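A quick write-up on the structure given underneath.
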Amino acid sequence: MEFSLMDGKGKKFVFPVNPEEVTISRQKGFDTTTILSYGEFDFPQGEKVKEISFSSFFPQEYNPSYCTYEDIPDPQEAMNTLNGFLLSQKPLRFIITGTSVNVPVIVASHNTTFRGGEYGDVNFDLSLRTWREMKVSKKAGATGSKAAAVNKKPRTDMKEKKKTYTVKSGDSLSKIAKLELGDSSQWTRIYQLNKKVIGQNPNAIKPGQKLVLS
C-alpha cells in the first residue's frame, strides 16, 4: 500500500512511512432556518466537503521494517514539501493504492512535532479536504439570458428628432419659415437644408414635398 500526493504536473510525493490509520470524515450539509413560534428547521443541502486526516513521520534513516521504499527524503525537505502543498492554491490528488481513495484535495493543515529521543525524525499530522470545481450551469445561464432579454426595457432614444413640414398649395419658403419657425427670414436656412429636394429655384416648391426645418 502506498500513500501519495500528486500535483497537476504529475509530480508525485510518496510518504515514506504509512500511517497506522486514516480518518475520513463525511457529513451531510444542512441549512438551518428559524421560523417564528415554531423553532429551528434543518433543510438538507447535499454532502459537505470530506476531510481526510492521518499522522505519520519522516524518518532520518531508512528502516525496512516500516519504510515503504529505500530512497527516503530528508525529513526537513519532506516537511518543506508539505508546507509548499499547504501554501499552494492548486489542488493535489491524494491516492492510497489498493483502495478506492483517489480524490482531488487541498492541504488544510499540517502540524509538525519533534520528539526527544528520536533525533532527526519529524512527526506530522496532516489534514486534507476534498476539492470540487465550482461549475455554472450553461442551461441556467441561457435561461437567465432569455429572461433578461424579455424583461429588458428599450432604451430611451436620446437623439433629437428632425422637425419636418409637408408643403401645401399656396406655400412659400418665407411663409413656412414664418409659420413654423416664427421668422420669415429663416427661409434661406430651410432652402439650404432642402436644396436637393427643391432644386435651383427656391420659389419652385411643390405641394407634397417634405421639407426638413431643423
Side-chain angles (χ1 to χ4, degrees), residues 5-11 26-51 83-94 103-109 127-214:
L5 285 169
M6 185 166 59
D7 62 19
K9 298 179 180 180
K11 186 177 180 180
R26 298 180 179 88
Q27 294 183 2
K28 193 174 186 67
F30 288 94
D31 182 17
T32 302
T33 302
T34 301
I35 301 178
L36 188 64
S37 301
Y38 290 94
E40 291 187 346
F41 291 84
D42 287 331
F43 297 93
Q45 299 294 321
E47 187 178 13
K48 281 189 175 182
V49 173
K50 301 183 185 72
E51 286 193 356
N83 286 334
F85 290 157
L86 179 66
L87 297 175
S88 176
Q89 296 182 356
K90 296 181 178 180
L92 306 162
R93 183 160 290 275
F94 179 57
V103 290
V105 298
I106 57 172
V107 177
S109 65
S127 179
L128 311 172
R129 288 173 66 87
T130 53
W131 178 86
R132 287 181 293 183
E133 184 177 6
M134 185 171 64
K135 296 181 179 180
V136 178
S137 172
K138 292 183 179 180
K139 185 175 180 181
T143 303
S145 299
K146 289 181 180 179
V150 171
N151 295 327
K152 188 176 180 181
K153 295 181 179 179
R155 293 183 179 180
T156 303
D157 188 1
M158 301 301 291
K159 293 183 179 179
E160 184 179 353
K161 294 183 178 180
K162 293 182 178 180
K163 185 177 181 179
T164 60
Y165 177 83
T166 302
V167 178
K168 300 179 180 66
S169 179
D171 280 343
S172 65
L173 291 183
S174 59
K175 180 180 177 180
I176 295 170
K178 178 67 176 177
L179 292 174
E180 298 296 326
L181 304 179
D183 185 357
S184 60
S185 66
Q186 291 291 321
W187 74 266
T188 55
R189 179 166 174 267
I190 296 174
Y191 176 63
Q192 292 299 323
L193 290 172
N194 300 275
K195 195 171 184 180
K196 290 183 179 180
V197 176
I198 298 171
Q200 295 298 320
N201 186 357
N203 295 317
I205 60 175
K206 300 176 182 179
Q209 287 180 325
K210 194 172 184 178
L211 307 180
V212 177
L213 303 183
S214 61

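These figures come from a predicted structure and were not determined experimentally.
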In terms of heavy-atom contacts, Ser184 and Ala177 come closest through O-CB, 3.7 Å
Atom of Ile176, atom of Val167 and distance for their closest heavy-atom approach = CD1-CG2, 4.4 Å
For Lys210 against Asn194, the heavy-atom pair lying closest together | O-OD1, 4.2 Å
How long is the gap from NZ on Lys9 to NZ on Lys90, to the nearest 0.5 Å?
-> 6.5 Å
Taken to the nearest 0.5 Å, the spacing of Leu193 CG from Thr164 OG1 works out to 12.0 Å
Roughly how far, to the nearest 0.5 Å, is CG of Leu173 from CD1 of Ile190?
-> 6.5 Å
Which heavy atom in Leu181 sits nearest to a heavy atom in Gln186, and how many Å separate them?
-> CD1-CB, 3.8 Å
Shortest non-hydrogen separation from Lys163 to Glu180 and the atoms involved = NZ-O, 3.1 Å
CG (Leu211) and OH (Tyr191) are apart, to the nearest 0.5 Å, by 12.0 Å
Mind checking whether Leu92 and Leu128 have side chains closer than 4.5 Å, heavy atoms only?
-> no
Contact summary for Leu86 and Val107, nearest pair of heavy atoms | CD1-O, 3.4 Å
Under a 4.5 Å cut-off applied to non-hydrogen side-chain atoms, are Leu5 and Phe94 in contact?
-> yes
Counting distance only, does the side-chain N/O of Arg93 pair as donor-acceptor with the main-chain N or O of Gly10 below 3.5 Å?
-> no
